[in-house]
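Since this is a predicted model, take the numbers as computed values, not measurements. In what follows, every chain begins at residue 1, and chains take the letters A, B, ... in the order their sequences are listed.
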Number of protein chains: 4
Amino acid sequence: MVILERAVKFEEVDAAGIVFFARFATYAHEAMEDFFSQLDGGYVRLITERRLGLPAVKLETDFLAPLRYGDVIRIETSVAKLGRRSAVFVYELKRKADGVLASRMRHTVVFSDLEAMQSCDMPPDVRAAFEAHVVE
Amino acid sequence: MVILERAVKFEEVDAAGIVFFARFATYAHEAMEDFFSQLDGGYVRLITERRLGLPAVKLETDFLAPLRYGDVIRIETSVAKLGRRSAVFVYELKRKADGVLASRMRHTVVFSDLEAMQSCDMPPDVRAAFEAHVVE
Amino acid sequence: MVILERAVKFEEVDAAGIVFFARFATYAHEAMEDFFSQLDGGYVRLITERRLGLPAVKLETDFLAPLRYGDVIRIETSVAKLGRRSAVFVYELKRKADGVLASRMRHTVVFSDLEAMQSCDMPPDVRAAFEAHVVE
Amino acid sequence: MVILERAVKFEEVDAAGIVFFARFATYAHEAMEDFFSQLDGGYVRLITERRLGLPAVKLETDFLAPLRYGDVIRIETSVAKLGRRSAVFVYELKRKADGVLASRMRHTVVFSDLEAMQSCDMPPDVRAAFEAHVVE
C-alpha cells in the first residue's frame, strides 16, 4: 500500500459546496503518479522519455461521503490485479481527520506504447513496482 | 434520449495528448445539466433556489477510444433505472465525425435535499423528466 | 466586436462561492477560440494542422464584480492593437441578466510557429480576422 | 519571501503541449494559500471559520517562458504594497531545474468580510503575515 496525503484545494468544490465528483478521478491520477515515484525518473520520465503509459480502460467510483474545502485526503493505493499488460489499482480515499472512507475507486489500466498507441508488456521495473503492492 | 454536442476544449487534454480521463465525468455532468433543461429554471434553479440536488453515489466509466482536441463529442443521455429516490443515467459519448463510441458511463444519483444533505422523494416535475427518457 | 454567451458551470466556483479567479482566463481563451471561428477550420485547424498559435505574453485582468453559478456571461471581444506579429485582445465580461461589467481583460499575444516555437508574421486570413474587429 | 515548490501536473498542459495560461493564476492562488500557512489554521480557517477573504481586484501576468509537464516550479512570493485593506502580492515562477523565470505576476487583493462581501480592515495576525514579507 502506498499512501498519499493532500489537502482539498480552494477551487475543487462545486456550486453545491462539496468536492466536484470529477475531481475524484484527478485524485486517483495523482495517487497513481505518486505510486510510480518508485521508478527511476518516476511517472514523468515514463511518459515523456520512455513514452510508455497506462491509459485507463475502466474506472469505477463509489462516492461514500462528501469532501469539503479544508479536508485533508489520505489516499491508500494498492494493486488488486496484475496481468501481463494490465493492472487494477484500488484507491481508498479517507478524510484524514476522522478516517471516514469518502470514496473507493477501481482503476483498470492497460500498459501501452504511447507512440504506437498499442498495448505492450510491462518492463521489469514497472512490473516490480506493481508486484510490491499487490493485495489479495 | 437527450443529445448534447460539444467540442473538446483546448485545455482538456493531458500530457499524453488525449482528453484527460477525469474530464469524462465533467462531460457527464454537463450532459446531466443539459438533461434538466426540461425543468422550469433548469438545473441551476433546482440547485440554487429549490436546494435539491443529485449527488452521485456511483460512477462507472468505460474508456473505449481516446478523444482529442478538435473532436466534437456527441453525448447521448438516457435513464436506465428509476427508483423513488434514485436513478441511473447512461451516457454514450461518441466522436461526432465518425460515430465511434469513446466512452459509456453509468451514473447513479440519489435525489437529495441539499440543506439537510439527506435523500428525499423527487418532486413531480423531476420524476416526469426522468420518465420521459427511461429505456429498457 | 465578437460576442460569446456562456453559462457559468457548476464546477467553476470556489470555496468562497464565486467563480474562481483563474477561470476568467479560461473564459478569455474560449472567447479567443470563438473569435477565430471566422477562419476556415477555426482555431482548431490553426493549432493542430497549420501548427500556428498565439501564446500569451501578457494578461491583465480587472475583477469588477463577482460571478456566480447560474449567471450567464456575455463576453465582448475586440482588438485594441494590431502589430505585424502581435495583437492585443480586450474582453469585457458582463453578467447577461443585468449588464454589470464583471471583468475587463487585456490579452497580448504573439503570433507563433508552434513547431519552431518562434514568432512569425500572421498569414492573411488571420490578419483579416483581427482587422475586422480593431477598435480605437 | 515565501517559497513554494510544486511539479506541473499531468493535466495542466493544453493542446499546444505547454501549461495552459489560466493555470498560472491557479499557481498564484496556491502560493497565496501557502503564504498564509503562517496564520493559525491557515488560509482554510480564514475562509471557512473566520469568513474573511482576499478577493482579487487585479491580476497582471507576464508570460516569459513556457512550462511543460515534468517541470518543477519554484514560486517566490513577496508583498510589493501593503495598505490598510489591500495588498499587492508579487509571484515569480521559476523553472527549478535551470532557474529560468517563466512568469511574473502582480496580484492585488482587497481584504474582505465574506458574509457582508465588503472590504474591511485586516486583523493583526494577517497584517503581521504581510509585514514579514514586504519588499521595496
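Top candidate by heavy-atom pairs under 4.5 Å with chain A, chosen from Glu11(D), Arg68(D), Glu33(D), is Glu33(D).
Here Phe130(A) and Phe89(A) bring their ring centres to under 6.0 angstrom of each other.
Salt bridge Glu5(A)/Lys94(A): absent, no basic N to carboxylate O contact under 4.0 Å. One finds a salt bridge joining Asp121(D) and Arg85(D) here, because a Lys/Arg side-chain nitrogen approaches an Asp/Glu carboxylate oxygen to under 4.0 Å.
Contact of the Val79(D) side chain with the Val90(D) side chain is not registered, since no non-hydrogen atoms from C-beta on lie closer than 4.5 Å.
Counted by atom type alone, Tyr91(D) and Glu30(D) present zero donor-acceptor pairs between their side chains at under 3.5 Å.
For Arg74(D), the side chain to side chain donor-acceptor pair (under 3.5 Å) test picks out Glu76(D), with sequence neighbours left out.
Near-neighbour residues of residues 36-62 of chain A relative to chain D, defined by a heavy atom under 4.5 Å from a heavy atom of that chain, comprise Tyr43(A), Val44(A), Ile47(A), Thr48(A).
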